[in-house]
Amino acid sequence: MEEMLFYDRMQFAFTITFHYLFPQLTMGLSLIIVYFKWKYLKTSNEQYNHATHFWMKIFALNFAMGVVTGIPMEFQFGTNWAKFSELTGGIIGQTLAMEGMFSFFLESSFLGIFLFGEKLLGHKWHFVTGVLIMIGSWASGYLIIATHSWMQNPVGYEILENGKFVLTNFKALFLNPWLWPSYLHNQAASLVTSSFVVAGIGAFYILSRKNVSFGKLFLKTGVIFGLISSLVVAVPTGDLLAKNVVKYQPVTFAAMEGIFHTEKKGSEIVLIGQPDVKDKKLDNKIAVPNILSFLTYGNWNQEIQGLDQFEEDLHPTNISGLYYAYHIMVGLGTVFIGLMVISLFQLIRGKLFETKWILWSLMFMMPFPYIANTTGWYTAELGRQPWLVYNLMRTASGASPTVSSGNTLFTLLGFIGLYLLLGMLFLLLVGKIINKGPHHVELSTEKI
């Protein structure tokens, strides 16, 4: 059973990690595309319209990859996690169905119109279709996170005699106190990824002395959006989400922060340290006294419960993984803010485009928001373990008892091989779009 559960979890973790590489760009990028189109309507500067079409091609490619890699996850609910689907389908099935029926169809329908209908629609209606794509993209994220939030903090439900969960309060599902901080944090993090990609490609154009005018536009836009979104990820959304963890999952918070023993006169914040789960301590730690208590409760001496206050079978099953995922996310987020502050300072001084070390930094930082987003999701998922539905359904209780570990391992290897090929194809196509550049995007400015 343990081996089967391990491969079930590994398969879902791999497929969802690869899948989310694509939506995290499209959600944030949809807002930047709308911004470029709005600037074109306001200024009639063709450069903004060229930028709109350039980024929409990258958006469309990411969207297609997201669809292809998202479908297998739906099937895994019925294969690897059939018991979970059977018992909770009355609740999570509603939000997932709404995501497919409303958000996905809205986004996909108007994407085709946006890509090919500018001449027919005219620029104002073309802008409207871009806004609808953004709404569909962000609504999709909202409904997915509504599902996730219910698993983290179940509300508005009743458990029948046969063990099935039924929704008794539809309103409570969308007013879940876990939902809005999680959603806004996720969307801001998505915008961070998009901003770094836009700024990084802009830096690449400037450094390579190709499409320099577009490079300056992309760099300026990415830096401004990047600083705002990086700050929002930290405060208020990250702060509110951390306070939710303290309130609803205190044992998770203790593991995230590496608090093995309750500190009576305020908790320190650990900057560096390696968790030793066996001996229940942090090795080689560098910490600042009482800061964590102040950040969490606004009180320097407030006690925060450690792992010693909870039964061991309630502890997260992978404390080390949770601790490192959380600290990588927070560490990278701090770096993002610092780099964007310096970049904006140089932009205001009029020296950003000539400061090569910043240009190189922005270009090489492009992959790191993906890492931060991934570790952020790992923090949420590892923190919920050993539960599928927090405090109500153990992960082992949701797995399919009839799917063998051998079958799951075989299909996992198949996914790895297939996704490797898809990833290489994706990078090749994106590389060709970037190499070709915005100047070569064909469009018509005529209206009918």
Side-chain angles (χ1 to χ4, degrees), residues 1-24 26-27 61-109 136-137 139-152 163-165 167 374 377-378 380-382 384-385 387-389 393-426:
M1 181 65 185
E2 289 185 4
E3 184 182 34
M4 179 188 71
L5 186 61
F6 172 78
Y7 288 123
D8 284 342
R9 293 179 64 192
M10 282 294 293
Q11 186 180 87
F12 196 83
F14 172 76
T15 53
I16 199 168
T17 298
F18 191 86
H19 164 73
Y20 194 63
L21 295 174
F22 307 104
Q24 70 171 283
T26 57
M27 287 187 293
L61 188 56
N62 273 266
F63 179 80
M65 288 290 294
V67 173
V68 170
T69 57
I71 292 174
M73 293 190 303
E74 304 287 343
F75 286 104
Q76 286 179 59
F77 283 118
T79 55
N80 301 18
W81 303 99
K83 199 64 179 178
F84 170 69
S85 300
E86 177 189 352
L87 297 179
T88 66
I91 297 178
I92 68 168
Q94 298 193 46
T95 48
L96 293 177
M98 291 171 67
E99 190 273 335
M101 290 298 296
F102 303 137
S103 306
F104 173 74
F105 282 117
L106 176 66
E107 188 179 4
S108 58
S109 299
S137 176
S140 179
Y142 176 77
L143 292 166
I144 293 294
I145 293 176
T147 308
H148 175 263
S149 296
W150 184 82
M151 294 168 65
Q152 296 281 8
K164 290 188 176 182
F165 292 75
L167 189 64
T374 300
W377 272 106
Y378 282 4
E381 296 304 302
L382 292 173
R384 193 182 65 245
Q385 297 301 317
W387 307 95
L388 274 177
V389 182
M393 179 188 289
R394 293 264 180 174
T395 303
S397 301
S400 303
T402 57
V403 179
S404 70
S405 58
N407 285 334
T408 306
L409 176 59
F410 178 76
T411 52
L412 172 59
L413 294 174
F415 278 126
I416 292 173
L418 177 61
Y419 283 9
L420 178 62
L421 293 175
L422 285 174
M424 293 172 63
L425 177 62
F426 171 79

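Computed from heavy atoms alone, side chains included, the values below leave out hydrogens, waters and symmetry copies. Note that the coordinates shown come from a computational prediction; the quantities given were computed from them, not determined experimentally.
Note that CD1 of Ile416 and CG of Leu421 are 12.5 Å apart. Values are rounded to the nearest 0.5 Å. Of the inter-residue distances, the one linking Phe6 atom CZ with Thr408 atom OG1 reads 11.5 Å to the nearest 0.5 angstrom. How far CG of Leu87 is from CH2 of Trp81: 13.0 Å, rounded to the nearest 0.5 Å. Residue Leu106 holds its CG atom at 12.5 Å from CE of Met101, rounded to the nearest 0.5 Å. Atom CG of Leu413 sits about 9.5 Å away from atom CD of Gln11, to the nearest 0.5 Å. To the nearest 0.5 Å, atoms CE (Met151) and CD1 (Ile92) are separated by 6.5 Å.
Proximity of Glu381 to Arg9: side-chain heavy atoms (C-beta onward) are nowhere separated by under 4.5 Å. Side chains of Gln24 and Trp377 form no contact here, defined as non-hydrogen atoms less than 4.5 Å apart. Proximity of Trp387 to Met393: side-chain heavy atoms (C-beta onward) are nowhere separated by under 4.5 Å. Put simply, the side chain of Trp150 reaches to within 4.5 Å of the side chain of Ile91, judged on heavy atoms. Within the 4.5 Å cutoff, side-chain heavy atoms of Leu96 are placed close to those of Ile144. Taking the side chain as every heavy atom from C-beta outward, Val67 and Phe104 approach each other to under 4.5 Å. A heavy-atom distance below 4.5 Å is not found between the side chains of Asn80 and Tyr7.
Remark: the backbone N or O of Pro23 is paired with a side-chain donor or acceptor of Thr26 at under 3.5 angstrom. Formation of a donor-acceptor pair under 3.5 Å by the Gln94 side chain with backbone atoms of Gly90 is found in this model.
Between Phe426 and Phe22, the two ring planes are perpendicular [angle over 60°; tilted spans 30° to 60°].
Within a 6.0 Å sphere centred on CZ of Phe75, heavy atoms belonging to other residues, nucleotides or ligands number 12 at most.
What you find for Val403 and Asn407 is that their closest heavy atoms are CG1-CB, 4.5 Å. For the pair Lys83 and Ser400, the tightest heavy-atom approach, listed with the atom from each and the gap, is N-OG, 4.5 Å. Taking each heavy atom of Thr395 and Gln385 in turn, the nearest pair found is OG1-OE1, 2.6 Å. The shortest heavy-atom contact between Met65 and Leu422 is CE-O, 3.6 Å. Taking both residues in full, the closest heavy atoms of Gly398 and Leu388 are given as CA-CD1, 3.7 Å, listed atom of the first, atom of the second, then distance. Considering every non-hydrogen atom in both Phe77 and Ser85, the closest pair reads O-OG, 2.6 Å.
Between Phe415 and Phe18, the ring center distance fails the sub-6.0 Å criterion.
At a cut-off of 3.5 Å, with distance as the only test, no side-chain donor of Ser103 or Tyr142 sits close to an acceptor on the other residue. No donor-acceptor contact under 3.5 angstrom links the side chains of Ser140 and Glu107, judged on distance only.
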**Request:** Mind running side chain to side chain contact (heavy atoms under 4.5 Å, CB included) on Tyr378 and Thr374 for me, showing each step along the way?
**Result:** CA-CA 6 Å; Tyr378 282 4; Thr374 300; 3.8 Å; yes
